[in-house]
Amino acid sequence: DQGWVKEQASALSAPKSIPAVSTSASAASAPNAAMWVYETDQLLESASARTELFQFCTARKIVDLFLQAHYESKTKDGPFQIRDAVKMKAFLKEASGKGLRVHALSGDPSHVLSANHEKVLARVDALAAFNKSTSASSRFAGIHFDIEPHAMPEWKTSSDEEKCKLLTQFVEVNAKAVEKLRKLSP
């Protein structure tokens with residue numbers, strides 16, 4: 001068994017010249033490092049995967065995790081909610097006890113488009129509802145949108161003007177999310 005962290009690192013398929021997981025002394029001495037975690041289902045199910053992740057973070061002074069949060073709706077047009085909320089709350093409480101701040105990670109390149117901004121804002125609402133429903137130690141520390149306009153299929157063939165329109169929509173969706181968060185904050 002390679003272990004959860006090694007499996008996730010090898011799944012990244014990083015170029016050979018750039019290690020997917022650094023084990024160098026400089027990584028171990030980095031102050032307040034962060035890590036993105038995209039494969040969350042196993043973490044929610046496996047105590048050994050969580051232990052391995054927490055040990056990995058401690059050894060490398062990682063204090064912030066950007067953890068892929070999955071959203072679901074119980075009905076076609078219903079509001080989003082965090083999937084596996086009970087398991088997620090337990091994970092967040094355990095991570096908080098280890099000194100980690102966990103941020104909900106979400107996003108898709110298509111979320112840059114104005115037509116999809118409501119999907120992003122629905123995730124903000126879901127995160128706020130999730131955090132309101134639990135104790136401080138079981139809350140997400142924040143939200144991180146991994147929306148990459150350059151990953152849109154049309155980006156490669158777009159003119160500079162079209163790319164500027166996509167980037168403008170990117171700025172707009174982030175501004176809308178910040179405005180919504182401010183309105184939802186106590």
In this structure, NE2 of His150 is separated from CZ of Phe170 (nearest 0.5 Å) by 9.5 Å
So CG of Asp160 and NZ of Lys165: to nearest 0.5 Å the spacing works out to 12.5 Å
* Asked: Can you find a pair of side-chain heavy atoms, one from Thr40 and one from Leu105, that are under 4.5 Å apart?
  -> no
| message | Counting only heavy atoms from other residues, nucleotides and ligands, does the tally under 6.0 Å from NZ of Lys163 exceed 12? | response | yes
Do Val178 and Ile143 belong to the same hydrophobic cluster, where Ile, Leu, Val, Met, Phe, Trp and Tyr are linked whenever their side-chain heavy atoms lie under 4.5 Å apart, directly or via other members?
no
Requested in this report: Using a 4.5 Å cut-off on heavy atoms from C-beta on, say whether the side chain of Arg123 contacts that of His111.
Outcome: yes
Worksheet entry | Residue pair Lys98, Glu94: steps toward the salt bridge (Lys or Arg N to Asp or Glu O under 4.0 Å) verdict | CA-CA 7 Å; Lys98 304 286 185 187; Glu94 190 175 355; 5.5 Å; no
For Ser114 and Gln169, the nearest pair of non-hydrogen atoms, with its separation, is N-OE1, 2.7 Å
Just wondering, do Leu65 and Cys57 contact through their side chains at under 4.5 Å, heavy atoms?
yes
### Message
His103 vs Asp64, test: side-chain hydrogen bond (donor to acceptor under 3.5 Å, both in side chains). Steps then yes/no.
### Response
CA-CA 7 Å; His103 308 260; Asp64 286 293; 2.9 Å; yes
For Lys93 and Ser138 the tightest heavy-atom approach is CB-OG, 3.4 Å
Here the gap from Ile147 atom CD1 to Leu166 atom CG, rounded to the nearest 0.5 Å, amounts to 12.5 Å
Nearest heavy-atom contact between Ala151 and Pro109 is CB-CG, 3.6 Å
Non-hydrogen side-chain atoms of Glu179 and Val124 separated by less than 4.5 Å
no
Closest heavy-atom pair, Ile82 versus Ala69, reported as atoms and distance to 0.1 Å, is CD1-CB, 4.3 Å
With Phe66 as partner, the option from Trp36, Phe140, Tyr38, Phe145 fulfilling ring pair (Phe, Tyr, Trp, His ring centres under 6.0 Å) is Trp36
- Can you check whether Glu45 reaches Lys87 side chain to side chain, under 4.5 Å on heavy atoms? yes
Asp41 and His70: CA distance, side-chain angles, deciding distance, side-chain contact (heavy atoms from CB on, under 4.5 Å) verdict:
CA-CA 9 Å; Asp41 291 337; His70 299 281; 4.2 Å; yes
- May I have the step-by-step check of side-chain contact (heavy atoms from CB on, under 4.5 Å) for Glu72 and Gln81, ending in yes or no? CA-CA 5 Å; Glu72 63 184 2; Gln81 59 189 29; 3.7 Å; yes
**Q.** Validation row: Asp108, Lys119 side chains within 4.5 angstrom (heavy atoms)
**A.** no
Test item: Asn116 side-chain N/O and Val112 main-chain N/O as donor-acceptor pair under 3.5 Å: no
(Q) Is there a path of hydrophobic side-chain contacts, each under 4.5 Å between heavy atoms of I/L/V/M/F/W/Y residues, joining Phe80 to Leu121? (A) no
Under the 3.5 angstrom rule, does the side chain of Arg139 hit a backbone N or O of Thr134 as a donor-acceptor pair? yes
Legend entry - Common cluster, Val173/Leu184, ILVMFWY with side-chain heavy-atom separation under 4.5 Å: yes
CG (Leu43) and OG (Ser48) are apart, to the nearest 0.5 Å, by 10.0 Å
Taking the six-membered ring of Phe130, is the NZ or CZ of Lys89 close enough (under 6.0 Å from the centre) and on axis enough (within 45°)?
yes
message: Determine whether Leu53 and Phe91 satisfy the following criterion, side-chain contact (heavy atoms from CB on, under 4.5 Å), listing intermediate values before the conclusion.
response: CA-CA 11 Å; Leu53 174 66; Phe91 172 81; 4.2 Å; yes
Can you check whether Leu92's main-chain N or O pairs, donor with acceptor, with Ser96's side chain at less than 3.5 Å? no
Side-chain contact, heavy-atom cut-off 4.5 Å: Glu162 with Glu154? no
Interatomic distance, CG@Leu44 vs CZ@Arg50, rounded to 0.5 Å, equals 7.5 Å
For Val63, the side chain to side chain contact (heavy atoms under 4.5 Å, CB included) test, sequence neighbours excluded, returns Asn32, Arg101
Compare all side-chain heavy atoms of Leu167 with those of Pro149 and state whether any distance is below 4.5 angstrom.
yes
